[in-house]
Amino acid sequence: MRIDATEIAARKAFLELTETDANCLRAIREQLAGAQHGFADGFYAYLRQLPELAALLPDAATVARLKQAHGRYFDSLIEGEYGEDYVAERLRVGMTHARIGLTPKWYVGAFRKYLSDMLRATWRATGGEAEAFMPAFDALLKVVMLDLGLTLDTYIHADKRAIALRDRAIESSVNGVFIATAAPPDYRLIYANAALSHILGSAPGAMIGKPCLCTSAEDGFAVIREAIAEGRNGYTTLSRLRADRSRQWIELFLAPVRSDTGSVSHYVGVLNDVTARKDAEAQLAFLAHYDTLTGLPNRSLFDDRLAQALARAERGEDFALCFVDLDRFKLINDSLGHGAGDAVLVEVARRMAAVCRSADTLARLAGDEFVILVEGAGSAERAAAIARRVLAALAPPVVAQGRDIDVAASLGIALCPVDGADADTLLRNADAAMYAAKAAGRNTVRFYDEAMNRRASQRLALETDLRRAVARDQLVLVYQPQLVAADGSLAGVEALLRWQHPERGTVSPLDFIPIAEEVGIIAELGEWALGEAARQMVDWRRRGIDVPRVAVNLSARQFHDADLAERIEAILAEAGASAEWIELEITETAAMAHPSDAAQALERLRDKGLQIAMDDFGTGHSSLATLCKLPLNVLKLDRGFVHHLPDSDTDAAVADAVVTLACRLGLSVVAEGVETEAQRQFLADTGCDVLQGFLFARPLSAAALEAWLAARGGSSSPSPALGCASVKVEQHGQKISAPS
């Protein structure tokens, strides 16, 4: 704070403070200087009697320091120099008083006491003569009034600065702040900061004079209107539409401002835009109850809906649970990647939601598992209708990553209360029914019955035992010979996987291979089978038993592993087997799913010195143009085309066409499932290279195979293009991949 010379001169002129007054004070300066020490003690003793001032004079040291300061002040007061330096010092002292909390009323009161004591001191300094006393005291009074005016200016200045700071703070606030009159019915605004205009999307200043927000008829303002009516604070959160029709959430605090008499004169409000927070809360609520991929209810929300349905069921409102599991979904993830798998799940969810009723709940439990809570469907007929609609909706191929993907599902249905009256029982039984649908061939529907529960328990026990089968040395390979059609010499053997359970005995591949695929341990079984077959080949070669080559059937999942060639190379190296002994078999379906990828994968395998065969040829949808581009060595004619030979003209034509095609492509042909002499003769006459089947030998243990070879007088080595031994597992009379 600063007062210039012009203002100082104006104030002194108004007080009639002249040089004559200054000379008058200078004349009695020494007498006054001596007298002021006499009243200083009494002055501070008086101030310390007042509680408000005593707090500012807490101890003797403070009083002593102030006495010294006042001594200097008194010296300057009667020095007769009242220019800019004097004014600046008085302003500094005044601002100090304001800062430490000495309010104007106490400051003026202290001045009154000070001036009263000085009156007597001045009387004594002038010798008690009225003519000398009057001009001296008048001069002193003028200087004191100048000081008092300057001090009051510092308080006013401090107040203005505080008010300006508050104004700047309110204007700078990110919160919308407004002041409204307390005059009903509109409570019009008299102040609104920039943030309020920004939050509400209005032009600066446009809200002044407008009705207060709190008068809105929207329901969200009801609590604010009640607070106004009761003269108390109010708070609400509500949504509104912006000018662009987007949703905005605002938070409003309103408080009454009371006058000195206690009546409400104004209302002050604070407004915040909490849209981001509300959106975050909504997102958290969504994540807590909905699946982020499909947007369907998740397990948590489904459990809540199921609990409500069970409560209604106690009042006679029956319902059904339909458990939905996609068939062979793991193959999609393994062969196309999880991006394609996610796209399939999203489309499947959309299609199922489209056929469900609004009263039903479709939820995604995990992975490719869905469940439908069918309200009011206590009968099998109504639940089956929903299931049929789901299957029909999933029938068309799903387009993902530019490919048509066939999707199917197995559905299991449990009815409440017939199949269970609690959540765990219903879910367990619907799940058991779903597995029954898979066992029935997939892409179908099954209802729960008690027999399923027993089978499910047996399956769980079988799954548990199967996970331990490799570690417990319960898996074995048996071998079935393959013979050269032209001369009956040994072309190799096919090794088939068997499970020798200590309590169950020999477990059929029909029972354990589907489980191995579903629980994801088929790869572990396949690696064991490849390693075991390779080690057996090494042992036979070491002992002079000539089995020319081993072919290993690859699963679709393994076939698309980026490091397949390296993994196979490592397994063979560990066994000490040569790559030229190995022939890898892929199914026609796996190869034709993604021909370009298949060609690259097969080329990498060929680069390692491995032979390649296409298994189960004729059962898939091969493109001849694509087939020509695959680096193959062998086509294996599926047993389904051999079984009715030579009586079936159709099968005979297919077999002849396959042999002719293979010959033109420079490939060998192996026919599986040869059981009669007529079949052998037909295939040999057709030009098939290698034959295999019960006509020659059933699957044999390694020792039994060696005895079989010895009984035939040893093995006759065929040409490298023909001989093979293949590692497979059987299911439903067909070979199932046992990946390495």
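Considering CG of N429 and CG of L415, their distance stands at 10.5 Å, rounded to 0.5 Å. Note that the CG atom of L525 and the CG atom of L530 stand 13.0 Å from one another [nearest 0.5 Å]. We find the OG-CZ distance between S508 and R498 to be 7.5 Å, quoted to the nearest 0.5 Å. Interatomic distance, M352 CE to L391 CG, rounded to the nearest 0.5 Å: 10.5 Å. Here L466 contributes atom CG and R468 contributes atom CZ; the two are 11.0 Å apart, rounded to the nearest 0.5 Å. The structure places CG of N333 at 7.0 Å from CG of D342, a figure rounded to the nearest 0.5 Å.
Shown here for L301 and H289, the closest heavy-atom pair between the two residues is CB-O, 3.2 Å. Annotation for A353 and L362: closest pair N-CD2, 3.4 Å, computed over non-hydrogen atoms. Closest of all the heavy-atom pairs between L496 and P699 is CD1-CG, 3.5 Å. Here the closest non-hydrogen pair linking S173 and N193 is O-ND2, 4.2 Å. In this structure, N233 and P256 approach most closely via the heavy-atom pair OD1-CD, 3.3 Å. Across all non-hydrogen atoms, the minimal contact from G234 to I224 is C-CD1, 3.6 Å.
Considering only residues two or more places apart in sequence or on other chains, R247 meets the side chain to side chain contact (heavy atoms under 4.5 Å, CB included) condition with S239, L241, W249. Applying the ring pair (Phe, Tyr, Trp, His ring centres under 6.0 Å) test to H338 and every residue at least two apart in sequence or in another chain returns nothing. Listed by chain and residue number, nothing satisfies the salt bridge (Lys or Arg N to Asp or Glu O under 4.0 Å) test with R305 (two or more places apart in sequence, or in another chain). Remark: Q308 pairs with D304, R312 by the side chain to side chain contact (heavy atoms under 4.5 Å, CB included) rule, at least two apart or across chains. Scanning for side chain to side chain contact (heavy atoms under 4.5 Å, CB included) contacts around A601 gives F559, R604, with sequence neighbours left out.
Side chain of E672 to main chain of G640: no donor-acceptor pair is present (N/O by atom type, distance under 3.5 Å, no hydrogens or angles). Without hydrogens or angle criteria, R351 side chain to P396 main chain gives a donor-acceptor distance under 3.5 Å. Counting only distance, with no hydrogens or angles, the side chain of D186 and the backbone of R188 share no donor-acceptor pair below 3.5 Å. At distances below 3.5 Å, not a single donor-acceptor pair connects side-chain atoms of D279 with backbone N or O atoms of V274. Using a distance-only test at 3.5 Å, with no hydrogens or angles considered, no donor-acceptor pair links the side chain of N272 to the main chain of G176. Not one N or O on the side chain of R299 forms a donor-acceptor pair closer than 3.5 Å with the backbone of A363. Remark: the backbone N or O of E585 is not paired with any side-chain donor or acceptor of D615 at under 3.5 angstrom.
Residues R504 and D465 are in side-chain contact: their nearest non-hydrogen atoms beyond the backbone lie under 4.5 Å apart. You'll find the side chain of L477 reaches within 4.5 Å of the side chain of L497, heavy atoms only. Contact annotation: the side chain of L427 approaches that of F302 to within less than 4.5 Å [non-hydrogen atoms, C-beta and beyond]. Counting heavy atoms from C-beta on, the side chains of I386 and V355 never come closer than 4.5 Å. Using a 4.5 Å cut-off on side-chain heavy atoms (C-beta onward), Y448 and L321 make no contact. Put simply, the side chain of L293 reaches to within 4.5 Å of the side chain of R364, judged on heavy atoms. Residues V348 and F370 meet the side-chain proximity criterion, which asks for heavy atoms closer than 4.5 Å. Between D360 and L373 there is no side-chain heavy-atom pair separated by less than 4.5 Å.
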Intermediate values then yes/no, side chain to side chain contact (heavy atoms under 4.5 Å, CB included), M207 and F178: CA-CA 9 Å; M207 300 185 67; F178 66 87; over 6 Å; no
Residue pair E226, R232: steps toward the side chain to side chain contact (heavy atoms under 4.5 Å, CB included) verdict: CA-CA 9 Å; E226 291 175 4; R232 57 173 174 80; 4.1 Å; yes
Residue pair L365, F323: steps toward the side chain to side chain contact (heavy atoms under 4.5 Å, CB included) verdict: CA-CA 10 Å; L365 298 187; F323 206 103; 3.8 Å; yes
V390 and V445: CA distance, side-chain angles, deciding distance, side chain to side chain contact (heavy atoms under 4.5 Å, CB included) verdict: CA-CA 10 Å; V390 169; V445 183; over 6 Å; no
Salt bridge (charged side-chain N to carboxylate O under 4.0 Å, His left out) between R277 and E251, intermediate numbers included: CA-CA 11 Å; R277 189 186 77 195; E251 186 177 60; 3.4 Å; yes
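Using the six-membered ring where Trp is involved, Y267 and Y187 have ring planes that are perpendicular, over 60° apart on the 30 and 60° scheme.
Classification of D273 and R242 as a salt-bridged pair holds, one side-chain N sitting under 4.0 Å from a carboxylate O.
Between the side chains of T275 and Q248, not a single donor N or O lies within less than 3.5 Å of an accepting N or O. Looking at N298 and S300, their side chains never bring a donor and an acceptor atom within 3.5 Å of each other.
Surrounding NE2 of H501 are more than 12 heavy atoms belonging to other residues, nucleotides or ligands, all under 6.0 Å away.
Sorted by first and then second residue, the side-chain hydrogen bond (donor to acceptor under 3.5 Å, both in side chains) pairs involving residues 194-203 (not counting sequence neighbours) form an empty list.
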